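Everything below concerns the one structure shown next.
Just follow the structure's listing: the first ligand is 1, and inside any ligand the first atom is 1. On a predicted model such as this, the values are computed, not experimentally measured, just so you know.
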Amino acid sequence: MHAKDSAPWWRSAVIYQIYIRSFADGDGDGVGDIAGIRSRLPYLRDLGVDAVWITPWYPSPMVDAGYDVADYTGIDPVFGTVAGAEEFIGEAHDHGLRVILDIVPNHTSDKHAWFEAALAGGPGSPERGRYVFRTGKGASGELPPNDWQGMFGGSAWTRVPDGEWYLHLFAEAQPDLNWENTEVRRDFEKVLAFWFDRGVDGFRIDVAHGLIKQEGLPDVGESGDVLEPTKREDHPHWDRDGVHEIFREWRKVADRYDGERIFTAEAWVSGPKRLARYVRPDELQTAFNFDYLRAPWEAAKLREVIDSSLEALGEVGAPATWVLSNHDVVRHVTRYGRAHTEGRGPRADETAPLDLDMGRRRARAAALLMLALPGGAYVYQGEELGLAEVEDIPEDQLQDPVWERSGHTSRGRDGCRVPIPWSGDAPPFGFGPDGAATWLPQPEIWKDLTVEAESGDPASMLELYRAALRLRREHPALGEGDLHWEETPEGVLLFSRTPGFVCAVNLSGAPYTLPAHTGVLLASGPVEGGALPGDTAVWLAV
Ligand code: GLC
């Protein structure tokens with residue numbers, strides 16, 4: 001047995017992100033659901049991923065697509081029932097797939113019973129102590145308590161009829177919880193146990209870096225892009241030391257269960273060293289590597305992020321993870337199809353020229369790079385089909401709160417959340433029963449990008465992902481472990497892994513002559529006469 005077979009599963013897992021609203025619709029209401037996921041479990045098993053992460057499925061007014069939770073231990077009727085969720089968890093396990101849920105501890109919905117009690121309880125009540133209520137500034141408290149901005153635009157404060165203000169780092173309908181409150185802490189530990197008892201294998205922690213706010217709630221004092229991770233280490237509401245104590249307690253809850261239950265942090269922090277603090281041995285097991293997602297399609301920058309990630313995470317004994325897309329960023333086929341490839345995507349820049357062929361070529365190469373790196377990886381539904389961002393959703397159909405809250409200056413994240421295409425020539429492309437309108441419209445051109453159309457086509461993105469995931473499982477060099485960089489000309493990444501594996505990625509404009517090898521395991525594009533064209537990656541046996 002190779003070492004990788006005995007290491008805990010999460011150290012090299014490929015986790016598939018199911019954005020539940022848009023994965024598969026079992027009941028024909030145009031919104032994805034648990035029945036839909038259950039019907040597609042064989043697809044996920046055959047794709048070759050190890051686990052699925054399901055975005056929030058709890059009862060919610062859906063102001064922020066489910067990230068406004070009204071009850072952490074229920075299932076929204078649009079998605080199914082708790083009994084259906086339990087059956088799904090069992091079936092996923094039968095298919096060899098682990099199940100990660102999304103937990104949203106930074107804020108609740110304003111329709112959560114806790115918040116309704118806080119409003120009814122009035123100023124100074126213990127119920128209000130669960131949230132962050134303050135009196136305003138100005139002669140009659142008519143100004144917000146401080147200068148904090150909400151992530152979706154506008155002030156982070158809203159005033160209630162009795163005159164107090166409450167904090168919401170996201171939409172008005174997402175009041176921030178007060179994590180200094182011990183009842184809040186105990187209640188969330190019960191929520192974790194509720195789902196662990198039902199067999200889930202872990203949680204992705206939403207806004208993990210936001211739970212603790214600086215005492216006194218001082219002004220941030222800077223403007224700038226609120227969606228950019230802060231560079232400060234003393235930011236009043238991001239990445240404060242106090243969050244780690246919470247996660248140490250959560251880890252103790254997970255460790256009471258058998259079978260390696262895990263957490264993964266969504267923490268937008270300043271660099272790998274800060275990120276590594278979340279995955280110290282007694283804290284969370286893994287965290288998303290957004291520096292990797294945000295890195296431009298440039299060899300030197302990618303190598304820098306890879307090295308600094310491996311180093312910082314290695315120091316605390318945590319595996320690296322790699323991610324290219326999720327439900328909050330522009331799909332990487334589109335990011336890589338523009339001249340400026342750095343960052344989470346130019347939402348406001350949709351008019352910059354787009355070369356989708358180039359974007360797809362790079363996305364194919366990027367997949368082979370990501371899946372060859374040491375550690376785990378995330379695949380966002382539809383990336384395995386090569387879907388691009390949908391940038392022409394009619395304005396009157398946009399749903400993301402960002403669109404309204406930005407005063408219609410940012411279209412928001414709907415373009416990466418369109419229901420994915422499974423089969424057929426016309427919408428809904430097998431997403432749901434024929435004739436059912438999807439909650440966001442699908443582009444006609446997706447007829448060529450359905451699972452059905454791509455299956456069996458050796459040139460398709462889907463077959464590339466299937467082949468890469470299959471090789472990754474079989475090859476003893478892949479998954480956890482080390483890599484060794486080899487000499488290359490500028491613009492080429494070349495590393496070897498033992499035993500007998502080399503990955504080469506050409507990000508330069510010129511063809512690159514491959515080093516000596518005994519066979520081509522997999523290539524993202526044509527490799528002829530031993531030369532690797534630009535924007536192409538290859539896995540070699542050596
Ligand atoms: C996270 C989620 C995002 C959501 C926000 C507020 O960043 O990924 O979709 O809007 O948290 O919960």
Side-chain angles (χ1 to χ4, degrees), residues 15 17-23 32 53-70 72 76 100-112 115 131-132 148-154 156 167-177 179 188 191 203-211 213 225-230 237-239 243 263-269 275 278 287-290 293-294 321 323-331 343-345 347 378 380-381 389 398-406 410-418 439-440:
I15 301 180
Q17 180 186 355
I18 293 183
Y19 190 73
I20 185 168
R21 298 181 70 78
S22 302
F23 183 67
W53 145 36
I54 303 182
T55 55
W57 59 9
Y58 317 104
S60 165
M62 306 286 168
V63 170
D64 185 20
Y67 283 94
D68 46 323
V69 178
Y72 291 90
D76 195 281
I100 311 284
L101 301 186
D102 206 320
I103 190 156
V104 187
N106 182 67
H107 42 265
T108 66
S109 159
D110 60 350
K111 298 293 180 291
H112 195 292
F115 192 70
Y131 291 87
V132 186
W148 296 4
Q149 295 292 299
M151 293 308 106
F152 300 153
L167 175 69
H168 51 87
L169 289 180
F170 292 86
E172 205 171 305
Q174 293 168 297
D176 277 51
L177 285 161
W179 275 87
F188 268 87
V191 171
F203 293 89
R204 174 252 187 201
I205 307 173
D206 190 64
V207 197
H209 58 312
L211 307 192
K213 280 78 181 177
D225 188 345
V226 286
L227 289 175
E228 283 298 298
T230 180
H237 62 70
W238 290 145
D239 195 22
V243 300
F263 296 103
T264 184
E266 185 215 21
W268 296 83
V269 298
L275 194 66
Y278 288 75
F288 292 98
N289 188 341
F290 294 126
L293 183 153
R294 292 159 41 83
T321 67
V323 59
L324 294 167
S325 275
N326 65 32
H327 65 293
D328 291 327
V329 306
V330 173
R331 282 191 179 273
R344 57 161 93 185
R347 299 269 176 206
Y378 292 88
Y380 176 47
Q381 67 178 41
E389 186 83 358
L398 292 174
Q399 312 253 351
D400 187 351
V402 170
W403 172 241
E404 287 303 327
R405 289 196 66 89
S406 70
S410 167
R411 293 170 61 87
R413 302 160 293 178
D414 290 329
C416 63
R417 299 176 172 182
V418 174
W439 72 282
L440 288 171

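Between Tyr72 and Pro105 there is no side-chain heavy-atom pair separated by less than 4.5 Å.
In this structure, CG in Asp76 is found 12.5 Å from CH2 in Trp57, a value given to the nearest 0.5 Å. Residue Gln17 holds its CD atom at 6.0 Å from NE2 of His327, rounded to the nearest 0.5 Å. Taking CG of Asp68 as the reference point, atom OH of Tyr58 lies at 13.0 Å (rounded to 0.5 Å).
For ligand 1, the polar-atom distance check against Glu266 finds a nitrogen or oxygen pair separated by under 3.5 Å.
In terms of protein heavy-atom proximity, atom 9 (O) of ligand 1 is closest to Asp328 OD1, 2.7 Å. The protein heavy-atom contact nearest to atom 2 (C) of ligand 1 is Asp206 OD1, 3.0 Å. Annotation: atom 5 (C) of ligand 1 to nearest protein heavy atom, Phe170 CE2, 3.7 Å. The protein non-hydrogen atom at the shortest distance from atom 4 (C) of ligand 1 is Asp64 OD2, 3.4 Å.
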| said: Run the salt bridge (Lys or Arg N to Asp or Glu O under 4.0 Å) test on Asp64 and Arg413 for me, step by step, so that the C-alpha distance in whole Å, both residues' side-chain angles and the decisive distance to 0.1 Å come before the verdict. | reply: CA-CA 11 Å; Asp64 185 20; Arg413 302 160 293 178; 3.1 Å; yes
| message | Applying side chain to side chain donor-acceptor pair (under 3.5 Å) to Asp102 and Thr55, what does each step give before you reach the verdict? | response | CA-CA 5 Å; Asp102 206 320; Thr55 55; 5.5 Å; no
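Aromatic ring centroids of Phe170 and Tyr67 lie 6.0 Å or more apart.
Tyr278 and Asp239 are linked by a side-chain donor-acceptor pair at a separation below 3.5 angstrom, with hydrogens and angles left out of the test.
Proximity to Arg413 (heavy-atom distance under 4.0 Å) selects the following atoms of ligand 1: 3 (C), 4 (C), 9 (O), 10 (O). Interface atoms of ligand 1 facing His327, defined by a heavy-atom separation under 4.0 Å, are 2 (C), 3 (C), 8 (O), 9 (O). The ligand atoms of ligand 1 that sit less than 4.0 angstrom from a heavy atom of Arg417 are 9 (O). Near Arg204, meaning under 4.0 Å from any of its heavy atoms, are these atoms of ligand 1: 2 (C), 8 (O). For ligand 1, the atoms closer than 4.0 angstrom to any heavy atom of His107 are 6 (C), 12 (O).
Under 4.0 angstrom from ligand 1, the non-hydrogen atoms of Phe152 all belong to its side chain. The proximity of His168 to ligand 1, defined as any non-hydrogen pair under 4.0 Å, does not occur for either the backbone or the side chain.
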